[in-house]
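In what follows, a structure is listed as structure tokens, so that the remarks can point back to it.
This one's a predicted model, so the numbers in the text were calculated from it and none came from an experiment.
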Amino acid sequence: MSNQRLPLATPDFDTIKESLKDYLSTQPELRDYDFEGSVLSVVLDTLAYNSHMNAFYLNMVGNENFLSTAVKRSSVVNNAKDLGYSPRTAVSARAKLDLQFTPDGTPANAITIPKGFVFGSAAGSKVYIFNVIDDCVANYDSVAGKYTIKGLPIYEGRRFTHTYSVGPNGVTDPTLGGCVIPNIGVDSTSMKVFVNVPSAGAEFVQYKQYDKTLVVGNTSRVYFTKENENELTTVTFGDGILGFKPPAGSTVRIEYIVSSGSEGNGIRVFQAGQVIPGVTLTSLTCTQTASGGIERESVSSIKFNAVNSFESMGRGVTEDDYAFLTKSVYPSAKSVIAWGGQRNDPPANGKVFISVQPSSGTVIDDEDKAAIEEYLIKAGVVTVTPEIVDPDYVFVDTTTAFTYSATASTILAGELETAIKNTIIAYNDANLNSFKSMLRYSNLLTAIDSTDNGIVSNITTYTLAKRFYAKPGVSVFGELKFSNKIAVGSVKSSTFTYGTFTSCSFKSGVGSNLNIVNTVGGIDTIIVSKAGTIDYDTGNITINPMKTGAANMSYFDDMLQSPYIRITATPVESNVSSNHNQIVTIENISANGRSV
């Protein structure tokens with residue numbers, strides 16, 4: 001009896017072909033047929049290949065329809081769109097400058113640094129361009145005889161302007177197909193969109209980028225951004241119900257920057273690329289190193305954030321909601337943590353605290369903090385006040401003494417030291433330098449031992465360090481939290497000037513006292529016997545009001561443009577933990593080996 005059904009086989013080529021042969025061999029007409037020695041074998045190969053390719057294609061198409069299994073970026077973006085999530089674009093690095101100009105002749109009352117004015121900076125073999133994106137006016141100071149601009153923000157990247165004409169509903173209608181920006185790497189956070197409607201003459205009105213905190217009606221001048229199937233940024237407008245719809249005949253002007261992402265971070269030396277008629281630039285000072293630059297959102301990040309965005313629905317209720325919303329409004333964040341005021345030390349009911357670790361540098365500036373807080377107030381619970389606090393870094397200095405077998409290792413001692421340092425750096429990148437991180441001693445030792453087969457053993461010790469920012473001549477005080485039990489008598493610091501003494505430092509005193517001592521010829525003389533207090537059990541150090549001098553401040557934070565005193569202590573426990581907004585990160589590494 002013939003088999004009337006073709007069995008459902010697995011989709012690989014060989015199995016499909018064998019299934020076809022088994023099916024055909026049961027048919028009376030082909031019962032004794034030699035499938036391998038005839039032209040029918042070629043036909044079976046073709047059928048099996050076609051079936052295999054169709055199965056593969058349908059499997060891939062099926063995968064691309066779901067966010068968790070999609071591989072192509074365009075598919076991931078489209079699936080995220082269904083959850084109301086728009087992927088983050090690239091973000092330009094931003095720096096701030098102080099400028100001074102002197103008039104070439106009779107001074108005008110004011111000068112304008114126009115948008116589009118550029119500054120250049122060379123990093124290696126590459127030149128980076130930074131742009132002014134808003135007109136900035138400087139008034140003339142007749143007493144000083146100059147024009148002064150403080151804190152001028154400049155943005156890295158190439159600046160472009162495109163115009164589009166709005167036609168009737170159809171392909172050219174920006175409310176439907178949108179205005180496609182023909183560049184990849186667009187920074188939508190610094191983008192500016194202007195629309196001129198026919199009834200307004202030559203006037204262009206600036207539109208605001210839509211976010212979920214805005215109340216939008218049919219007259220709201222807002223625009224929307226999305227990423228299309230070609231990975232290009234598209235700008236669309238309202239439909240006359242959700243947002244104002246520009247009528248036919250309107251003109252759209254889009255000013256934007258194509259960013260180099262994180263490549264622009266860390267730049268602090270600039271030169272003006274243009275001149276302003278009638279004045280001469282006499283002073284240019286970078287007051288904030290370029291930071292915040294980041295590449296466009298990756299596929300894996302889109303998958304993760306789209307789900308979290310859908311869960312929060314653009315509203316701040318839980319701690320995780322506030323953390324996610326902060327990331328959405330400040331995309332240059334490397335990590336964010338939020339905690340309720342009831343869990344704060346000391347407690348602060350009615351507040352939620354948020355700490356942001358930037359992708360470059362150590363803290364975000366006051367302007368960004370204010371923008372985040374403003375957004376969270378709109379998105380959060382009415383009775384809860386958000387407050388942005390800086391990350392609190394606990395720096396770790398490691399010292400590794402290792403033994404190795406020269407016969408078992410394939411590299412030299414000096415190369416082993418470098419390899420161990422790289423291992424510790426990799427451990428720091430993978431396990432530390434973020435919120436909720438913990439240095440686990442046994443894991444670090446294991447990682448070091450695994451660096452090379454020739455390493456026999458290692459003894460790694462470390463000290464903890466905090467930064468006490470002290471501008472010369474300014475009275476400062478504060479509390480430093482190691483948040484780990486520290487050894488009695490182990491507190492000391494880098495040197496600074498205090499009064500007429502030029503070799504001063506902090507050192508542990510009797511009991512819980514923190515002293516300021518002056519060291520000459522290896523001998524310490526106590527200058528201030530109670531400059532602060534030390535709680536060795538909690539690791540908290542309180543420093544009383546003090547002024548430092550202008551010399552011997554050997555540590556300087558380029559990002560904050562401030563000198564600091566580095567205070568160190570030895571932990572009692574092997575593991576180093578963090579609390580709330582604290583970040584444990586390895587800063588200095590030393591490794592020395594001996595052969596056995």
Do [X] and [Y] pair up side chain to side chain, a donor and an acceptor below 3.5 Å, judged on atom types alone?
| X | Y | result |
| --- | --- | --- |
| Asn458 | Asp449 | yes |
| Glu417 | Tyr404 | no |
| Thr289 | Arg268 | yes |
| Thr423 | Thr451 | yes |
| Gln357 | Ser335 | yes |
| Tyr128 | Glu263 | yes |
| Ser260 | Glu156 | yes |
| Asp397 | Thr568 | no |

Per-pair distances, 0.1 Å, donor-acceptor, side chain in residues 439-448, under 3.5 Å, sequence neighbours excluded:
{"residue": "Tyr441", "atom": "OH", "partner": "Thr460", "partner atom": "O", "Å": "2.9"}
{"residue": "Thr446", "atom": "OG1", "partner": "Ser442", "partner atom": "O", "Å": "2.9"}

Give the C-alpha distance, both sets of side-chain angles, the deciding distance and a yes or no for salt bridge (charged side-chain N to carboxylate O under 4.0 Å, His left out) between Lys378 and Asp211. CA-CA 11 Å; Lys378 296 177 182 178; Asp211 67 61; over 6 Å; no

Salt bridge (Lys or Arg N to Asp or Glu O under 4.0 Å) involving Lys212 - partner list, sequence neighbours excluded: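 With neighbours one apart ignored, the set is empty.
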
Phe496 and Tyr498 aromatic ring geometry - parallel, tilted or perpendicular at 30°/60° bounds: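 If you compare the ring of Tyr498 with that of Phe496, the planes turn out perpendicular.
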
Side-chain contact, heavy-atom cut-off 4.5 Å: Tyr147 with Pro103?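 Yes, at least one pair of side-chain atoms sits under 4.5 Å.
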
Is there a side-chain contact between Leu514 and Thr533, using heavy atoms and a 4.5 Å cut-off?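 Answer no - side chains too far apart.
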
List the atom pairs, with distances to 0.1 Å, where a side-chain N or O of residues 343-354 and a protein N or O form a donor-acceptor pair under 3.5 Å, not counting sequence neighbours.
{"residue": "Arg343", "atom": "NE", "partner": "Glu319", "partner atom": "OE2", "Å": "3.2"}
{"residue": "Arg343", "atom": "NH2", "partner": "Glu319", "partner atom": "OE1", "Å": "3.0"}
{"residue": "Arg343", "atom": "NH2", "partner": "Glu319", "partner atom": "OE2", "Å": "3.2"}
{"residue": "Asn344", "atom": "OD1", "partner": "Trp339", "partner atom": "NE1", "Å": "3.0"}
{"residue": "Asn344", "atom": "ND2", "partner": "Pro346", "partner atom": "O", "Å": "2.9"}
{"residue": "Lys351", "atom": "NZ", "partner": "Glu387", "partner atom": "OE1", "Å": "2.6"}

